[in-house]
Protein chains: 2
Amino acid sequence: MARKPPTKPRKNASQERSRATVDALVEATARILVREGFEKASTNRIAEVAGVSVGSLYQYFPGKEALVAAVIERHNQEIMGLVRAALNEVADMPVETAVRKLVTVAIEAHRIDPKLHRVLAEQIPRTGQLKDVEAFNREVHTLVRAYLESRRKEMRKIDPGLATFICVSAIEAVAHNTVLNQAEMLSEKMVRTLVDETTRMVVGFLRRAA
Amino acid sequence: MARKPPTKPRKNASQERSRATVDALVEATARILVREGFEKASTNRIAEVAGVSVGSLYQYFPGKEALVAAVIERHNQEIMGLVRAALNEVADMPVETAVRKLVTVAIEAHRIDPKLHRVLAEQIPRTGQLKDVEAFNREVHTLVRAYLESRRKEMRKIDPGLATFICVSAIEAVAHNTVLNQAEMLSEKMVRTLVDETTRMVVGFLRRAA
DNA sequence: CTATAATGCGAGCTATCGCTCGCTTTTTCT
DNA sequence: AGAAAAAGCGAGCGATAGCTCGCATTATAG
């Protein structure tokens, strides 16, 4: 009989078994969000799908929000990986090449898991994750801006921040809408044309010639 | 004593008092969505804020979803009014003028009630209103496309559907992000520059000269 | 092997949600 | 005026949500 109960720090996972539990919980949350929607993602259900008890869930996550936040975090890391790699790859290449790559990556990123992406986009405001997602956006913004500034010679006179804002918004929106409205926009050829045209728009916007 | 209870059609509002009730309910729903968030928008709370009983609520709306749907409908009508007016106004004007007007209107539309706009965008998938919102998007798309086709002479060779898709996505995204990230993008002068640059991008994209 | 910490369990509490139903009040009709 | 229809009311129902707590099981240390 321990008089002093071992102090439950309520969140750390040091052993391996517990890390597996945490993973299972995050994965289960993602699956439920995609397959059954946010309202079905009760803590009881998440635990059930993860093959874990509710009690264990609450040892690692302070609540439902934290689970969703973890899923968002994971998904964002995945996307940031793609974006960082792409920008690194094109760092020394001309604007046209870089923009084309960025557009392509944006579409790929949305294709990782469109349904999850959609659900998460909806739930972000609820999770208090706004800060993290803003950080995510800021990083994209910063990376793109750095690239653009390094290529200033190829570009007309324009505020780099503004240019970044407009380009990123436009590219992201085209990718987002393309992937989410699969019904009408679908074939590989269409996608290629779309990349061509979007690239053209952005490059035309940035280039010297008016 | 009526043996046959008067049949409750469960939704029609014929008298004036009832129409006021319905309005109050929709208005209350919007207010709660904006000020307290979706999860606080319980039917009990909505009725309370509307100064109406839950019972009355259920005489006109089959459930919570219907309330949110009504708010979405109202908001969309407001925006469509602006868009229709704008496109009508510029119907005979050159592309540059038209695009500038559209960009301006897009920002104005988002400014009507940014917070509401955000919350609604999040809740749309939940309400089964997807169809209505798609119809809304299709109308914008159709109107813009019709305009572009009428101005084909000023434009380079490009599929009108694709051009519309890219332009509308880009314009909407810039407006959306501008209004929602007020923190960093704010001053009137900035807005004007933003409109200029966005117009430049879209017009450059559509125009003949490559 | 035994003690102690770490992890896992799940019945069940409390709170709240969406919603109904029997009734009263107001309006309309004749 | 009186009767019937329309509108409004709100206590309270069943369901389910988030979450806790006392205990069981598994891993680590001495």
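Per chain, numbering begins at 1; letters A, B, ... match sequence-line order.
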With nearest nucleotide decided by heavy atoms, which residue, B/K64 or B/E16, maps closer to the 5′ end of DNA chain C?
B/K64

Whole-Å distance separating the CD atom of A/E65 from the C1' atom of D/dA17
14 Å

Of all heavy-atom pairs linking A/L25 and A/A47, the shortest is CD2-CA, 4.3 Å

Pick the closest DNA chain C nucleotide for B/R17 and for B/E39 by heavy atoms, then say which residue is nearer the 5' end.
B/E39

A/S42 side-chain proximity, nearest of D/dA17, C/dG18, C/dC9:
D/dA17

Can you measure A/Q59 atom CD to C/dA6 atom P for me and round it to whole angstrom units?
11 Å

Take atom CG of B/D23 and atom P of D/dG8, then tell me their distance rounded to the nearest Å.
12 Å

Closest approach of A/H110 and A/A175, non-hydrogen atoms and distance?
ND1-CB, 3.7 Å

B/L25 has an atom CG; how far is it from atom P of D/dA7, in whole Å?
13 Å

I'd like a list of close polar pairs between nucleotides 10-15 of chain D and the protein, N/O only, cut-off under 3.5 Å.
| unit_1 | atom_1 | unit_2 | atom_2 | d |
| --- | --- | --- | --- | --- |
| D/dG10 | N7 | B/S53 | OG | 3.4 |
| D/dG10 | N7 | B/G55 | N | 3.4 |
| D/dG10 | O6 | B/G55 | N | 3.3 |

For atom CZ of A/R19 and atom P of C/dA6, their distance in whole Å:
14 Å

Around atom CD of B/E16, are there more than 12 heavy atoms from other residues, nucleotides or ligands closer than 6.0 Å?
no

Picking from D/dG8, C/dG8, D/dC19, which would you name as closest to the side chain of A/Y60?
C/dG8

Is the count of non-hydrogen atoms from other residues, nucleotides or ligands lying under 6.0 Å from A/R74 atom CZ greater than 12?
yes

State, yes or no, whether a side-chain contact exists between B/V191 and B/R111 at a heavy-atom distance under 4.5 Å.
yes

Provide, to the nearest angstrom, the distance between the CZ atom belonging to A/F61 and the C1' atom belonging to C/dG8.
15 Å

Phosphate OP1/OP2 of D/dA7: any B/S18 side-chain N/O under 4.0 Å
yes

So, is B/T43 close to the C/dG18 phosphate, meaning a side-chain N or O under 4.0 Å from OP1 or OP2?
yes

Ion pair present between A/R192 and A/E188, side-chain N to carboxylate O less than 4.0 angstrom?
no

Quick one: is D/dT20 close enough that its OP1 or OP2 comes under 4.0 Å of any side-chain N or O from A/Y58?
no

Output the rounded distance in Å from CD (B/E48) to C1' (D/dG8).
17 Å

Whole angstroms only, please: what is the CD1-P distance between A/I46 and D/dT16?
17 Å

Establish, for the pair B/K131 and B/F136, whether the NZ or CZ atom is under 6.0 angstrom from the six-membered ring centre and no further than 45 degrees off its axis.
no

